[in-house]
**Q** 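One structure is given below, represented as structure tokens, and several questions about it will come after.
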Amino acid sequence: MNKIVYSTDPGWRADDGRPAGTGPFPADGLVRLRRETKGRKGAGVICVYGVPAEQLKEQAKRLKSQLGTGGAIKDGVIEIQGDRLEQVAALLTKAGFRIKKVGG
């Protein structure tokens, strides 16, 4: 077994062996939604994982404008401010994505 302990390649993370920016979920065609508050001083955001890289900016812009809220794209994950899980799920389903809600 050849386990990489350290690499100078910026596209590789040695901690769990996945390429950088792939997120915690597999690339199986599902878009996963998760509410997160950790590291945000209690303010909730909806994190959208699994949107194809070529559609990230377009989908983030569309979600933010239709919901009238802020957000960002960080490491290939769309973050939408506020606790709007159901609304985000409805908009992404309408756009043709298969949705899965994960987490608590």
Side-chain angles (χ1 to χ4, degrees):
M1 184 168 149
N2 184 10
K3 185 175 179 180
I4 296 176
V5 177
Y6 179 80
S7 176
T8 57
D9 182 10
W12 187 262
R13 290 189 339 216
D15 56 343
D16 62 0
R18 287 191 307 245
T22 58
F25 301 109
D28 57 0
L30 287 176
V31 172
R32 289 172 168 82
L33 303 177
R34 180 166 72 179
R35 183 177 183 274
E36 295 182 1
T37 57
K38 189 171 184 177
R40 295 177 174 88
K41 299 180 182 176
V45 297
I46 303 301
C47 293
V48 182
Y49 297 89
V51 175
E54 61 274 0
Q55 295 181 14
L56 272 175
K57 282 188 177 182
E58 172 190 338
Q59 292 302 323
K61 183 177 180 178
R62 190 176 64 80
L63 286 171
K64 291 189 305 183
S65 67
Q66 288 183 348
L67 294 171
T69 188
I73 299 173
K74 294 183 182 174
D75 295 327
V77 178
I78 300 173
E79 295 181 357
I80 302 295
Q81 293 177 352
D83 190 7
R84 299 170 173 247
L85 185 68
E86 297 301 325
Q87 295 169 325
V88 171
L91 290 171
L92 289 172
T93 302
K94 188 176 176 182
F97 292 101
R98 291 183 11 211
I99 303 297
K100 183 173 185 176
K101 297 174 189 170
V102 297

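Note that the structure is a prediction, hence the values are computed from the model and not measured.
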**Q** Does L30 form a side chain to side chain contact (heavy atoms under 4.5 Å, CB included) with I99? I'd like the steps, not just the answer.
**A** CA-CA 6 Å; L30 287 176; I99 303 297; over 6 Å; no
**Q** Quick one: salt bridge (charged side-chain N to carboxylate O under 4.0 Å, His left out) partners of K74, sequence neighbours excluded?
**A** E79
**Q** Hydrophobic clusters here meaning ILVMFWY residues chained together by side-chain heavy-atom distances under 4.5 Å, can you tell me if V77 and L33 are in one?
**A** no
**Q** Treating Ile, Leu, Val, Met, Phe, Trp and Tyr as nodes and any side-chain heavy-atom pair under 4.5 angstrom as an edge, say whether V88 and V31 lie in one connected cluster.
**A**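 Yes; V31 is reachable from V88 via cluster members.
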**Q** With sequence neighbours left out, what residues match A90 under side chain to side chain contact (heavy atoms under 4.5 Å, CB included)?
**A** none
**Q** For Q66, what residues pass the side chain to side chain contact (heavy atoms under 4.5 Å, CB included) criterion, not counting sequence neighbours?
**A**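 Once residues adjacent in sequence are excluded, the partners of Q66 under the side chain to side chain contact (heavy atoms under 4.5 Å, CB included) criterion are R62, L91.
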**Q** Kindly write out the residues that satisfy salt bridge (charged side-chain N to carboxylate O under 4.0 Å, His left out) with R84, not counting sequence neighbours, or none if the list is empty.
**A** none
**Q** Hey, mind stepping through R35 and L85 against side chain to side chain contact (heavy atoms under 4.5 Å, CB included) and telling me if it holds?
**A** CA-CA 7 Å; R35 183 177 183 274; L85 185 68; 5.5 Å; no
**Q** Applying side-chain hydrogen bond (donor to acceptor under 3.5 Å, both in side chains), can you list everything that pairs with E86, at least two apart in sequence or on another chain?
**A**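 In terms of side-chain hydrogen bond (donor to acceptor under 3.5 Å, both in side chains), with neighbours along the sequence ignored, E86 is linked to K101.
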**Q** In chain order, what residues pass the side chain to side chain contact (heavy atoms under 4.5 Å, CB included) check against K57, with sequence neighbours excluded?
**A** I73
**Q** Quick one: do F97 and I46 end up in the same hydrophobic cluster if we chain Ile, Leu, Val, Met, Phe, Trp and Tyr together by side-chain heavy atoms under 4.5 Å apart?
**A**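 Result: yes, single cluster for both.
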**Q** Search all heavy atoms of G71 against all heavy atoms of K64 and return the closest pair with its distance.
**A**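 That would be N-CD, 3.4 Å.
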**Q** Could you grab the distance from atom CD of Q55 to atom NZ of K61, nearest 0.5 Å is fine?
**A**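 Result: 15.0 Å between the selected atoms.
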**Q** Restricting to side chain to side chain contact (heavy atoms under 4.5 Å, CB included), what partner residues turn up for E36, sequence neighbours left out?
**A**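 For E36 the side chain to side chain contact (heavy atoms under 4.5 Å, CB included) partners, ignoring immediate neighbours, are R34, R40, V45, C47, Y49.
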**Q** Side chain to side chain contact (heavy atoms under 4.5 Å, CB included) with Q87: which of I80, L67, L63?
**A**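 Checked I80, L67, L63 against Q87; only one passes side chain to side chain contact (heavy atoms under 4.5 Å, CB included): L67.
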